[in-house]
Amino acid sequence: MTVNHNGFILNDGSVLPFVGLGTIGIDGDQGTFEILNALNLGYRLIDTSTNYNNEGIVGEAVRRSALPREEILISAKLPGSHHEYDKAFIFIQESLRRMGLEYFDKYLIHWPNPKDGKYVEAWKALVDAQKQGLIRTIGVSNFEPEHLDNIIEETGVTPATNQIERHPYFHNNRMVEENEKRGILTEAWSPFGRGYLNDVLENATIKEIADKYGKTPAQIIVNWNYQAGVFTIPKSSNPRHQKDNISSTDFELSSEDMRTIDSLDKGEDGRVEGQDPNEYHEYV
């Protein structure tokens with residue numbers, strides 16, 4: 001994956017920072033201040049979704065920020081309930097109006113819902129929404145190789161990004177490689193796993209590596225993704241953690257430590273909620 005000092009260069013020429021802010025669980029008026037704090041710390045990409053129920057406060061943070069709109073990248077997602085072309089196109093417009101924005105900087109299909117067989121329609125809607133200026137960069141989330149190939153063959157348009165589950169217990173290197181073959185940047189969701197389901201941040205091996213570099217376990221994991229050419233969107237509402245996460249790319253893990261983290265992989269058993277994209281369907 002191509003990078004420069006500003007971030008990852010996408011296949012459409014757009015640039016994403018090395019680290020963004022995930023916002024699941026960040027909501028209400030307090031959430032607005034938490035996002036504003038992240039922007040003040042240097043975050044420039046904010047990732048949201050309709051089913052996070054926080055589009056309003058993300059839009060409010062954009063309006064309250066002293067930063068010019070063009071310096072803040074807003075990424076959102078299309079839910080599985082709106083994969084039909086017309087529904088998808090209208091939903092994008094409605095989501096923009098709810099947030100008070102004129103355009104999305106990045107927009108993804110959240111899940112392929114393959115048994116419904118409508119994700120190609122959804123992709124065509126994103127392609128046309130991009131042509132009309134409603135979206136700057138279009139991508140997908142949780143798409144497997146066959147899903148990627150189907151939308152590329154049908155439209156001639158390759159997604160710029162594919163957001164997938166990736167953390168030390170499920171490194172998903174298979175999909176990182178498949179994305180790279182197609183010139184697609186991999187994004188990592190739940191890079192720290194999920195605390196109520198696993199103990200990634202408490203893992204003894206991760207802690208040992210963190211002590212070696214004088215970093216936090218979270219910084220080690222973000223850096224592990226960064227060195228693998230993966231864009232990371234860790235969620236945090238804590239100012240100290242936000243600061244740590246965004247400063248996670250200023251050191252280099254050894255090849256041996258990269259392999260050690262990879263070795264923590266548990267395969268399919270490592271998924272945080274067993275969400276196999278070939279089986280899991282989202283409708284909210």
Side-chain angles (χ1 to χ4, degrees), residues 5-8 16-49 52-67 71-75 163 165-171 187-228 230-254 257-258 260-261 264 272:
H5 67 281
N6 291 319
F8 294 106
L16 297 186
F18 294 128
V19 180
L21 180 73
T23 64
I24 187 169
I26 296 177
D27 48 28
D29 288 342
Q30 180 61 32
T32 302
F33 292 110
E34 291 163 356
I35 294 170
L36 283 169
N37 183 74
L39 291 170
N40 289 336
L41 287 171
Y43 284 86
R44 290 297 178 267
L45 184 141
I46 309 298
D47 179 83
T48 186
S49 177
Y52 296 174
N53 295 313
N54 66 2
E55 289 177 309
I57 63 108
V58 171
E60 181 65 15
V62 172
R63 286 187 291 277
R64 290 193 193 183
S65 173
L67 293 168
E71 291 186 19
I72 304 173
L73 308 180
I74 299 299
S75 178
Q163 187 179 112
E165 179 178 353
R166 188 174 195 268
H167 49 79
Y169 290 166
F170 186 67
H171 61 47
E187 304 181 40
W189 61 259
S190 285
F192 308 143
R194 290 179 185 167
Y196 60 93
L197 292 170
N198 56 36
D199 64 346
V200 171
L201 291 176
E202 298 299 322
N203 180 274
T205 299
I206 298 289
K207 283 187 170 182
E208 183 178 341
I209 294 173
D211 290 342
K212 173 181 173 181
Y213 291 89
K215 301 293 183 179
T216 67
Q219 287 176 311
I220 295 299
I221 294 170
V222 173
N223 191 282
W224 167 71
N225 273 301
Y226 163 66
Q227 286 188 214
V230 174
F231 169 58
T232 314
I233 45 172
K235 174 262 177 182
S236 180
S237 58
N238 181 293
R240 180 170 61 84
H241 293 165
Q242 288 179 350
K243 185 176 181 180
D244 286 345
N245 293 342
I246 200 173
S247 60
S248 297
T249 61
D250 60 357
F251 66 101
E252 184 174 351
L253 290 167
S254 70
D257 289 330
M258 291 287 289
T260 297
I261 297 171
L264 299 174
V272 291

Who pairs with Asn238 by side chain to side chain contact (heavy atoms under 4.5 Å, CB included), at least two apart in sequence or on another chain?
-> Ser236, Arg240, His241

Interatomic spacing from CG in Leu36 to CD in Glu60 - rounded to 0.5 Å = 8.5 Å

Where is the tightest heavy-atom contact between Asp27 and Asn53, given as atom of each residue plus distance?
-> CB-O, 4.3 Å

Side chain to side chain, Ile206 and Leu264, heavy atoms closer than 4.5 Å | yes

Sub-4.5 Å side-chain heavy-atom contact between Thr23 and Ser237 | no

Do the side chains of Val58 and Tyr52 get nearer than 4.5 Å, heavy atoms only?
-> no

Inter-residue atom distance Glu252.CD - Tyr213.OH, 0.5 Å rounding | 8.0 Å

Do the non-hydrogen side-chain atoms of Ile233 and Gln163 ever get within less than 4.5 Å of each other?
-> yes

Search all heavy atoms of Pro217 against all heavy atoms of Ala210 and return the closest pair with its distance.
-> N-CB, 3.8 Å

Write down the atom of Glu165, the atom of Trp189, and the distance for their closest heavy-atom approach.
-> N-NE1, 3.0 Å

Taken in chain and number order and not counting sequence neighbours, the residues that satisfy salt bridge (charged side-chain N to carboxylate O under 4.0 Å, His left out) with Asp250 are Lys215

Hey, does the side chain of Arg44 reach the backbone of Leu39 with a donor-acceptor pair shorter than 3.5 angstrom?
-> yes

Between Lys235 and Leu21, is any pair of side-chain heavy atoms under 4.5 Å apart?
-> no

Asp47 side, atom CG; Glu187 side, atom CD - distance, nearest 0.5 Å = 7.0 Å

Is there a donor-acceptor contact under 3.5 Å from the side chain of Ser65 to the main chain of Leu67?
-> yes

Report the C-alpha distance between Asn223 and Ser248 in whole Å, list the side-chain angles of each, state the deciding distance to 0.1 Å, and finish with yes or no for side-chain hydrogen bond (donor to acceptor under 3.5 Å, both in side chains).
-> CA-CA 6 Å; Asn223 191 282; Ser248 297; over 6 Å; no

Would you call the rings of His167 and Tyr169 parallel, tilted or perpendicular if under 30° counts as parallel and over 60° as perpendicular?
-> perpendicular

Test: Glu208 and Lys212 ion pair at under 4.0 Å | no

Could you pull out all residues at least two apart from Thr216 that satisfy side chain to side chain contact (heavy atoms under 4.5 Å, CB included)?
-> Ala218, Gln219, Asp244

Flag side-chain contact, heavy atom, 4.5 Å: Phe192 against Val222 = yes

Checking Tyr43 side chain against Gln242 main chain: does a donor-acceptor pair fall under 3.5 Å?
-> yes

Side-chain donor-acceptor pair under 3.5 Å between Thr48 and Asn54, yes or no?
-> yes

In Å and rounded to the nearest 0.5 Å, what is the OG1 to CG distance from Thr232 to Leu45?
-> 11.5 Å

Please name the pair of heavy atoms, one in Leu253 and one in Met258, separated by the smallest distance, quoted to 0.1 Å.
-> CD1-SD, 3.9 Å

Closest non-hydrogen contact found for Gln227 with Phe251 is OE1-O, 3.9 Å

State, to 0.1 Å, how close Pro191 and Pro234 come at their nearest heavy-atom pair, and which atoms those are.
-> CG-CA, 3.9 Å

CD1 of Ile261 to CG of Asn203: how many Å apart, nearest 0.5 Å?
-> 9.5 Å

Would Leu73 and Ile46 count as a side-chain contact (heavy atoms from CB on, under 4.5 Å) if you check the C-alpha gap in whole Å, the side-chain angles of each, and the deciding distance to 0.1 Å?
-> CA-CA 6 Å; Leu73 308 180; Ile46 309 298; over 6 Å; no

Distance col, row Ile221:CD1 vs Arg166:CZ, nearest 0.5 angstrom, shows 11.0 Å

Asp257-Thr260 side chain donor-acceptor pair, cut-off 3.5 Å = no

Centroid-to-centroid, Phe8 to Phe18, below 6.0 Å?
-> yes

